[in-house]
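Right, one structure below, let's go through it.
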Amino acid sequence: MIFDQIGNVYSIVAVLIGLVICLFRYIDKPRRSWVYVTMFLLCMLLSCYYWGAYVLIIGDDPNVSSFLAYVGDNLSFFPLILLLLHIRADGEKRFFSILSLLPVPLTAYQFTIYIQFGGLFNNIWQCFLSTVVIVLSLNNIIYYLKNKKNGAKKPYVGFVLFFYTVFEYAMWTSSCYDWPNEWLDPYNYANLLLFASMITLPWAVIKMDGGKFFERTRTSTQRMGHIFKPLYIVFAVGICLSGCFIGMQFRDTIDSSITGDINSTVYSIVHIELFTFSSILVAFSIAMIFIVNFAHKTLENARLKEEKIIAEKSNIAKSDFLASMSHEIRTPINAVLGMNEMILREGLRVRDKMPSDPDRLHETFVDICNYSGNIESAGNNLLSIINDILDFSKIEAGKMEVIDGDYKLSSVLNDVSNMIYFRAKAKNLKFIVDVDKSLPDGLYGDEIHVRQSVINILNNAVKYTEDGFVKLSVRGKKEIDSQNGYWINLVFEVSDTGIGIREEDMEKLFKRFERVDLEQNKTVEGTGLGLAITQNLLEMMGGKVSVMSKYGIGSTFTITIPQKIVSPEPVGDFKEKFEKEMARTKAYEDGFEAPDARILVVDDTKLNLSVVKGLLKYTKIMIDTAESGAESIELAKDTPYDIIFMDQKMPKMDGSQALSLIREQGGINKDTPVICLTADAVVGAREKYIAEGFSDYLTKPIDRNALEKMLIEYIPDEKVHMTA
Ligand code: ADP
């Protein structure tokens, strides 16, 4: 009796814990297995409750409560059968092993000995359902053993239910025999083991589901779970126990009031009592399932709504982006095609009807040069738009990286000033450079991004200034700290005498796709991405950008970037060096010739070969061309070259392979500088190609100035004659 009572309390608690796990598991993963397990546990709860009432309150006679306990118990086999069918693997559905029928004789034996206790109907019902469960679970285990090597799922549920049914049989069978005392009665131990296997059922389903129960993310669902879990346990356990205790109290009260005489009236009251409380219990459990399910759905709906709003917003942003980009891209393409049409027309007119008047001819050529100049500027515009879009999408995708390395500040300043000098000159603007002589030259940081940020700001200054000047001044404050050692806060100040920015537009400047003062800037092309990209790049490098402006008078953008100092050697008089360099540049700007030099240009696109040839026509350099890596290797065998320009991306054999084969074959071109020609302008590309053995790197579309500079650098001095 004592065992029965302990067993019952244990069972109720065990089932409740199992139920709670199931319900909250169901919130996370609403799968059918969890519905079956929940149904099973509810049936068990019902059975345990009635069983408890039967043993504790009513005594050992068969009565309504014991009948209901049996009904609940047997009912629980249904969900188990469904669960076993549900979890079976696809292949397993067609699998049946005759071995799994082994427990059938056991059931037949049990049926014959138990029939005198449980009655015919109860026995047939109980034995039939439990046989199906044990046969299915054994089949499940045999399938696994046969298909272990083919990756069959471990039959956790099959194992648990196999043992569950075995303990059930042990319980029934032992109850058919008399035992000297309770401690020796296997019924009690089998009962405990039965409930132990029952609480392992949710664990088995978790394992089969492949889910890691305790590895949930801290979602709002989980937070809801934390509130519901203790509430549910307290409420359900409370109701269960109070059902029993109130029942007992009723019995005692009524017992004493009718002088200890037990009659049927008392028991009918107790039955009503039992029925009411158990209905509350079941209703509560069902309500919990609904609440939990509803909470799950509400949260899911809220999440979906949120996702929908985000998706819609990003869709609108994408459409806006496409609309604005297609407009930006179409504008320069339109200019290129239109201008080219004019050149064609003028060219054809001259070809077909050569004007006798030299002035007319001269005029036509002047026009052609103008059209061609426009094509160049539209092409450059297009290129910068595409570069902006690429940079921007890289930043958005989180793929923009800061790659630090040693570099020379003077080289960055040189490149930047060189580039802006020509742009400013083309607009008749004065470009002033003012660099603090004492700034250290050897720095450590992301050279490419430093250069790009300064160029972006300087480009804007030139773009939004019609007359006056653009000034770049570079200062810095040296610092020392224990973590970074010596470092400098570089300050680049870019001032212009341009259109300026209105006070109210200031905050929009750094937003992506935001262009301000459109009525003034109608003719200035742009994407509204430059400043957003610059700000992002600077933030990545630990720097910042700020602006001061007076509308109609001019603006000053200030960039600060912290960089480590590698060598204290100062940049020196950069202004003087730059002016000298410009004077030299001016010399070769006017032209140079190298009729004794011979170069090889390798590219699989014929048009690109014609571009290089056209660009170098007046230098009189001897130019050989090859359309593949293999052809270039052949040519390099017998002809000595001063430079080889090698396209990187070619079918069959790429530039790097061709380069290494040229180097391998030795001979006359073993040490010839090979320059990589590539459209791959991403960060780090230069370092990559130089590491592969190229002498230098030139990006496509080819910039004439960069190409000429490279020729002067690599062709032996004695072969180059300045024509100025
Ligand atoms: P974009 O130049 O492609 O339009 P940016 O992000 O570089 O895009 O600049 C955003 C806006 O800031 C520009 O459209 C322009 O109105 C304004 N702006 C930027 N630099 C200057 C400047 N130096 N002077 C006046 N306005 C400027």
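Residue numbers start at 1 and run along the sequence shown. This structure is a prediction, so every number in the text was calculated from the model and none was measured. Numbering of ligands and ligand atoms starts at 1, following listing order. All values below were derived from every heavy atom in this structure, side-chain atoms included, with hydrogens, water molecules and symmetry-related copies excluded.
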Open item on the list: Would Leu509 count as a polar contact of ligand 1, with the cut-off being nitrogen or oxygen pairs under 3.5 Å?
Closed with: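 No; every N/O pair is 3.5 Å or more apart.
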Task: Check: Tyr464 N/O within less than 3.5 Å of ligand 1 N/O - done: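 Yes, Tyr464 has an N/O under 3.5 Å of an N/O on ligand 1.
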Quick check on [X] - does any of its heavy atoms sit under 4.0 Å from an atom of ligand 1?
{"X": "Lys463", "result": "yes"}
{"X": "Phe557", "result": "yes"}
{"X": "Gly498", "result": "no"}

For ligand 1, which atoms have a heavy atom of [X] less than 4.0 angstrom away?
{"X": "Gly528", "value": "1 (P), 3 (O), 4 (O), 6 (O), 8 (O)"}
{"X": "Leu531", "value": "5 (P), 6 (O), 7 (O), 9 (O), 10 (C), 12 (O), 19 (C)"}
{"X": "Gly530", "value": "5 (P), 6 (O), 7 (O), 8 (O)"}

Task: Ile455 CD1 to Leu472 CG distance, which is reported to the nearest 0.5 Å - done: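 Output value for this atom pair is 11.0 Å.
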TODO: Measure from the side-chain N and O atoms of Lys427 to the backbone N and O of Lys463, and report whether any donor-acceptor pair falls under 3.5 Å.
DONE: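 Indeed, once roles are kept as given, a pair shorter than 3.5 Å links the two residues.
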Using atom types as modelled, flag every donor-acceptor pair under 3.5 Å from a side chain in residues 528-542 to any protein atom, sequence neighbours excluded.
{"residue": "Thr534", "atom": "OG1", "partner": "Asn456", "partner atom": "ND2", "Å": "3.0"}
{"residue": "Thr534", "atom": "OG1", "partner": "Gly530", "partner atom": "O", "Å": "2.7"}
{"residue": "Asn536", "atom": "ND2", "partner": "Ala532", "partner atom": "O", "Å": "3.2"}

Task: Name of the residue among Thr558, Thr560, Asp434 meeting side-chain hydrogen bond (donor to acceptor under 3.5 Å, both in side chains) with Arg475 - done: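 The side-chain hydrogen bond (donor to acceptor under 3.5 Å, both in side chains) with Arg475 is passed solely by Asp434 among Thr558, Thr560, Asp434.
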Task: Residues forming a ring pair (Phe, Tyr, Trp, His ring centres under 6.0 Å) with Phe392, sequence neighbours excluded - done: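 Per chain and number, Phe392 pairs via ring pair (Phe, Tyr, Trp, His ring centres under 6.0 Å) with Phe513.
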Open item on the list: Which residue is it: Glu631, Gln648, Met646? I am looking for the one with a side chain to side chain contact (heavy atoms under 4.5 Å, CB included) to Val602.
Closed with: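 Of the listed residues Glu631, Gln648, Met646, the side chain to side chain contact (heavy atoms under 4.5 Å, CB included) partner of Val602 is Met646.
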- [ ] Indicate, as side chain, backbone, both or neither, the part of Ile501 found under 4.0 angstrom from ligand 1 when only non-hydrogen atoms are considered.
- [x]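 The answer is the side chain.
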Open item on the list: Tell me the contacting part of Leu529 for ligand 1: side chain, backbone, both, or neither, using a 4.0 Å heavy-atom threshold, strictly below.
Closed with: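 The backbone, only.
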Open item on the list: Checking side-chain polar atoms at under 3.5 Å, does Tyr618 have a donor or acceptor matched by the opposite partner on Glu593?
Closed with: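 The criterion, which ignores hydrogens and geometry beyond distance, is not satisfied for Glu593 and Tyr618.
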